[in-house]
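Notes for the one structure printed next.
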Amino acid sequence: MNKEVIKGSQNYIPVEIEDYPTTGWQKFKQVVRRSLGKELFVGLWVVLREMLKFNIHTVQYPEEVLPLPSRYRAVHKLLRLLESGNERCIGCGLCEKICIADCIRMETKEENGRKVVSEYSINLGRCIFCGYCAEVCPELAIVHGSRYENASEQRAHFVLKDDMLTPIDFLKEQKEFDGFGAVSPNADKLIKKTPLAY
Amino acid sequence: MTKFYIDGKEVTAHKGETILEVARREGIYIPTMCYISKVSPIASCRLCVVEVKGVDGFVLSCQTPPTEGIEVFTNSPELFQHRQNIMKLYNVNHPLECGVCDKSGECELQNKTLEFGVQSQEFSAKEQYRPIRNWGKIQYDPSLCIMCERCVSTCNEAIGDDAIELKFGGYSSEIVPKGSDVLECSECGECIAVCPVGALISTDFKYSSNAWELQQIPATCSHCSAGCNLFYEVKQESHFDNTPRIYRVKNDIEHVSLCGAGRFGFDFANSDTFGDFETAVSKLREAKTILFSSHITNEEIEILNQIAKTTGAKLVNPEARKFQQFLKAFATTSGETLYNGTLEDIENSNQIIVIGTKIATDNPAVRYAITRAYKKHRAYISYLHPVFDSTLQNTIKQFINYEVGTEEGVIALLADTLITNSNLDLDIGYLSGETNIGEEELETISKIGKRAKNRTLIVGSDLITHEKSENIAKYIGLIQKNSNVKVVIVPPDTNSLGVALFGNLADEVQAPTVGYNIEGDYTIASIGKCDFSVPALNQQEGTFVNIDKKVVKTNVAVPYRGKNLNDLANAILDNPKRWTIDYTSELFGVEFDELQDVEIVSKMYRVSGDVDEVEELPSFDGAVVYNSNPFLQFNPWTAKAIEEKPYLLGAKQFAIANKLSDGDMVRFEIDGEIFIREFKIDNSLKGVIALNPIFDKGLRSYKLLSKYRFQRVQIEKVKSNGRS
């Protein structure tokens, strides 16, 4: 075993490692030392000490849940326009197109001269939560939510439009999303205005 | 031949070619927005500008023929700037609604905007109120329109409807129906196809799918004998059903012009699975006669041939049999098994004579070729038919209205006119009198013919189904043999030519019969209620022989959950084949997948026959109807795909002669088939012959296809219109 100090810019620290036992006698000695030596009790003592201090850091999941950062990418949400309550999604299909896991499918139709999204689903069994859909969405309609508990009995596990869309009576509770794909704080400064003739 | 240079490359232009055409042929890219090769250059977009050494300013490459030795440059910083500015102008007030626009993803404005890197907009114009117009199957959104005029040119020059025009008004210009508030046209939808943006869209398809989600399946239209190449665009049926469904039909706009039936009549896939397989097999085994229609692929014909050979049954297809015998008689005087003209020949003609067909509805591709011949070469078109067709009045110079039933006399007169120094022994005075064709009319034809370089005679199914069809065919054979006139005999149904070539047909019908897509004692069909269901033609692969005598392929667009004819054959034949297309190599010597550019070549014969003398010509008195379908209809399959109410259409004269008024319900009988129709006065018609559609009659309409299309009928008024 090379015990020289390794020179170089990265400054590695060599770790002392005992030579491996080669003969049967040496192996026997190592087993006895490890199982009956005091090392065994060191670990037990550390646990006991922390227990007696009554200052435990364990998060009591599921009673207790840690707050998530806003850029966290969990199960998607479809948002509504805050003023009118209309769905933001215009059915452009960009999320469906950009999805690299190919797990988004939507169905559109015409209703009173407008394009309406009649069905929208994401197969969470396939979704890799990359966030491309939220990033590409021109209307900030599809965003990532914070629901990450999606254990399922099947590989294919779909969320449908109704599961993701903000219910109309909870519109007031809908928060403007500032996570993945959201408008950047300096967006106003970045916009170049188009000349308009009125 | 003109030699010149494009971007330093030496190229040669043929006579009449423009710089752009040469560049495209040589694979040199010049951006365009309004240019399509099938119409004359529109020159509205100005993107195709190029620089020519020694010439001040830019040159429009789409309409400028090159001169010897010029040096053309297709790209320079100035040109790029110029083109970028054009794109900026196109984008002024263009709604930013790509997210919901049907064209998004295949939009030429999107593509070119990106290509010329339009990052910002410096121009502005006052926004205007431009409401969306609904024209039935077509919707027009003026605010998305970029005024390239492709649609107007296509409608006028490639289709011949001349139904839309540009309403000039500077920035408020828009496309409007010509001469009326509503769009009156043949609903071919070609304007939708050529529109580079989402201004003209199909109302049915609107917002149902994004362009990139659809899978394109190349196929051949199965509605008429033109066999147009098209693409079925397929996606899952719905969100929760993965079965493919056809969402729309697209075509290669540079080379193919589709009709409305091809474009909108795609939804005829069979979803029924009636009948029991074992019964169907035993019925086929027992059948003495297998009846079939020409709505069939060549492979299926071969399968039927082999079944008939094994079971000893006779194959009967009355309509194709007539066509086969017509071609046989034609060969005796022409010395060739097939006619020598193609659609391309029609398009390049200077003189066209159409006889015995209502061509605009019988075969739209032929009509488009006629239109193009007129627009490109100012062709002189003579249309010989007892029924006046107002849809062709823009292109036709001479309309000759012969008497119903006198086709034999008409073709004899024509042969005499078209063949120089013909030694036909005709009683011209009698024929002219009986057919009602004036000698001066024939003189015009021969006079024009002397000047015309390329001449084409188009022969329709009235002549094929005529009582004296054999003699008529012989006269046509003479014309092909002894004159410079090319002949096109329009096959009456989708694959009539294929059946005539490959089918071992017989005449006699012996019970028990099995019908394949036609009514028999036991009916196997791909439509409606029948004894055993088989896939429709957009659910099958196979080949057709089209009007150009080319073998064209079609592919499976929609799956069929049931058995097809090959499965039935496998239960009967000794050497089963896995797929229907395994029979392709038996017919053409090439595997289906390798089949490409196969053309049926005419065999040469010694001329063996001569024309018979034209005897007494029949005359049709009383009420006469002509079996003819409207624009969007050809057969039961189009009737399934496009809902349309059939009307007996007649001119005012017909109404007066038969004491009918608009809206009356009438009843009449043709060959055992009872028709109960609402009568409608059509002001675009003339004369005393009414048009009777047969598309709604299901498989029974095939019985009428082999009959002479003019029929004398007893019209009975069932219910009077309240007003009369």
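Below, chain A is the first sequence line, B the second, and so on; all start at residue 1. We use all heavy atoms of the structure for the numbers below, so side chains are in, but hydrogens, waters and symmetry mates are not.
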More than 12 heavy atoms of other groups within 6.0 Å of B/D241 CG: yes

Just wondering, more than 12 heavy atoms not from B/K206 lying within 6.0 Å of its NZ? yes

Got a donor-acceptor contact below 3.5 angstrom from the A/E107 side chain to the B/H239 backbone? yes

Minimal heavy-atom distance between A/K97 and B/W212, with the atoms involved, is CD-CD1, 3.4 Å

Please say whether more than 12 non-hydrogen atoms of neighbouring residues, nucleotides or ligands are located less than 6.0 Å from CZ in A/R155. no

Do B/D204 and A/E110 come within less than 4.5 Å of each other through their side chains, counting heavy atoms only? no

Taking every non-hydrogen atom, the tightest pair across B/V100 and A/I90: CG1-O, 3.3 Å

Could you go through the side chain to side chain contact (heavy atoms under 4.5 Å, CB included) check for A/T108 and B/E213 one step at a time? CA-CA 12 Å; A/T108 54; B/E213 293 173 70; over 6 Å; no

May I ask you to check whether over 12 heavy atoms, not counting those of B/E643, lie within 6.0 Å of atom CD? no

Taking the side chain as C-beta and beyond, is there a heavy-atom pair between B/F240 and A/E119 under 4.5 Å? yes

Measure A/S121 against the heavy atoms of chain B and call it side chain, backbone, both or neither at under 4.5 Å. both

If I measure from the heavy atoms of chain B, does A/E96 come under 4.5 Å with its side chain, its backbone, both, or neither? side chain

